[in-house]
Structures are given as C-alpha cells and as structure tokens.
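Whatever order the structure lists them in is the order used to number ligands and atoms, beginning at 1. All residue numbers in this chain count up from 1 along the given sequence.
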Amino acid sequence: MSVHSNTKRVTTQTLQEMKRNGEKIAMLTSYDYSMARIVDEAGVDVILVGDSASNVMAGHETTLPITLDQMIYHAASVVRAVNRALVVVDLPFGAYQGNSKEALTSSIRIMKESGAHAVKLEGGMEIRESVERILSAGIPVMGHLGLTPQSIYKFGTYTVRARENAEAERLMSDASLLDEIGCFGIVLEKIPAALAAKVSAAVEVPTIGIGAGADVDGQVLVAHDMLGITHEFSPRFLRRYLHLYEEMRTAVGQYVLDVRSRDFPNEKEQY
Ligand code: KIV
C-alpha cells in the first residue's frame, strides 16, 4: 500500500478495540495476490498466510513440509495485494522449534522479506521463550492452541481437542500465559465451544475460533474451504458459501469443448 492511501489499516490495537467494543473479527486465509485482493476488498480484518498452504497450494497431506522460503513467497504475494487487513504469517514447522534464536531469525526473515505485519506460532508453555524473544524484537505474535496441525503425528488425528479436563486446564493456562506475555491474539482450533467461551472471557486479547463455537472474539476459515474450491474436506464447523470446485470444473470443461469444436475463438475474439 502507498503510505499516502486513505484506507485505515487494521492494526493489533484495532483488534484489541474490537474486542473491547464487542465487535467480531473476521479472518480468512490467503496465499496469493489475486485471492488476497478479493479478501481484503471484501472487508476481512485479518488475512492469515497459513501454513495450510502446504495442503491447499502444494497438495501435501500435512502442513509439515512447507518451508520458510515458501511461506515468505506466499506472504510477499499477499502483502502486495492488501490495503487494509492485518497480514499474519505462520511460522512453518521446523522454523522455530529448535530454539528461541531460530524463532526470532525466522520471524525477522518473514517481516523483512515479505512486509507482513505479524507472525503466528503453534503452542503454549513450550514455546514461551521463543514468543518472548520475538516480541522483544517488536514483532507482534499471535498464538494458536487446541488442534495444532504441526503436531499431527503426536495427536494421531484431526479430531476435537481438549474434551478432557486435564487438557482443557492446560489449554486454559497456556492461553493465560500467551495473553500475559504479550501475544495480540490467540487462534483456538477445534475445541469445545464452552471451553472456547471460557478462554475468551478470561483473556484480554481477542480469541479467533475455527471450530470453536460462537462465543469467541472472531472467526477464521481457510478461504479455499469456504469458497468450495476444496471439496473433499467437510468438517462440521465449515460453512461453504460457494461451490467453486464444481463451477470451475464445468467452466473449464466448457472451454475444452469450445476449443475442440472450434467455437473458441470466434471472430470478435481475434485480431
Ligand atoms: O494454517 C492455517 O490455515 C491455520 C488456520 C486453520 C487457523 O492455521
């Protein structure tokens, strides 16, 4: 965005104010320029360059294979499209778990090379030192608790987390910790709605739910899922606003027929 633009940018302070005023926060993923333009123009407050790009863009089974360089490529493409939304980028698996210095170095690369505004990390207590070190460099951090897909091989499944008391208590204390040390928001993925409501009431910072019910401060979905570009993935929490997979496949099929039948291009479509 030009520094002279009149559009008022969403900042981490804006999100805090929205929570205080009871205004819900809308967040969606984007991984490329064209999608980010639509998402930003439609008024989404936070754009997440999620490591779900590993699944959606690259076709991997998990989020683990995506690299820091690939995340930076996606993030820089998104940043070029955005005028208003806050752009948050996932630190990918392997770019922060080693130690807090590695976490800071990876975060600095994301901020410098993509122009994004914040980073997101999965985990609670175990990443405390990394979160503090990133924050001390002036980089805003968003937390992510509940189902944390980078730990899929530890969990074994993508089912709802923290149904049992012990895990719910641990999640509650992780959320309080992330709140106290200065994260500007926390994603709560696939946890019982009652627990998400309790966490949201207990912490100062906005909570953003995905499969966490209505009593959180905002919602996030993967844009390709809510637009129906992906179509094999149908969890209960997903609302599909379009069925673009079918529409796009039909359109492409029609193009193939038109080329083969010599209908395309016609006289008006040539020089
Ligand atoms: O990578 C991602 O898209 C995410 C959201 C599902 C929250 O982390």
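- A distance of 12.0 Å separates CD1 in I72 from NZ in K112, rounded to the nearest 0.5 Å.
- Applying the salt bridge (charged side-chain N to carboxylate O under 4.0 Å, His left out) rule to R170 yields the partners E126, D174; only residues at least two apart in sequence or on another chain are considered.
- Residues satisfying the salt bridge (charged side-chain N to carboxylate O under 4.0 Å, His left out) test with E23, not counting sequence neighbours, are none.
- Residues S77 and D32 bring no donor and acceptor atom of their side chains to less than 3.5 Å of each other.
- The CD atom of E232 sits 6.5 Å away from atom OH of Y245, with the distance rounded to the nearest 0.5 Å.
- Applying the salt bridge (Lys or Arg N to Asp or Glu O under 4.0 Å) rule to pairs touching residues 47-64 yields nothing, sequence neighbours excluded.
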Dump all N/O pairs between ligand 1 and the protein below 3.5 Å as a table: atom names plus distance, one pair per row.
residue	atom	partner	partner atom	Å
ligand 1	1 (O)	D51	N	3.2
ligand 1	1 (O)	D51	OD1	3.0
ligand 1	1 (O)	S52	N	3.1
ligand 1	1 (O)	S52	OG	3.2
ligand 1	1 (O)	D90	OD2	3.1
ligand 1	3 (O)	S52	OG	2.5
ligand 1	8 (O)	K120	NZ	3.0

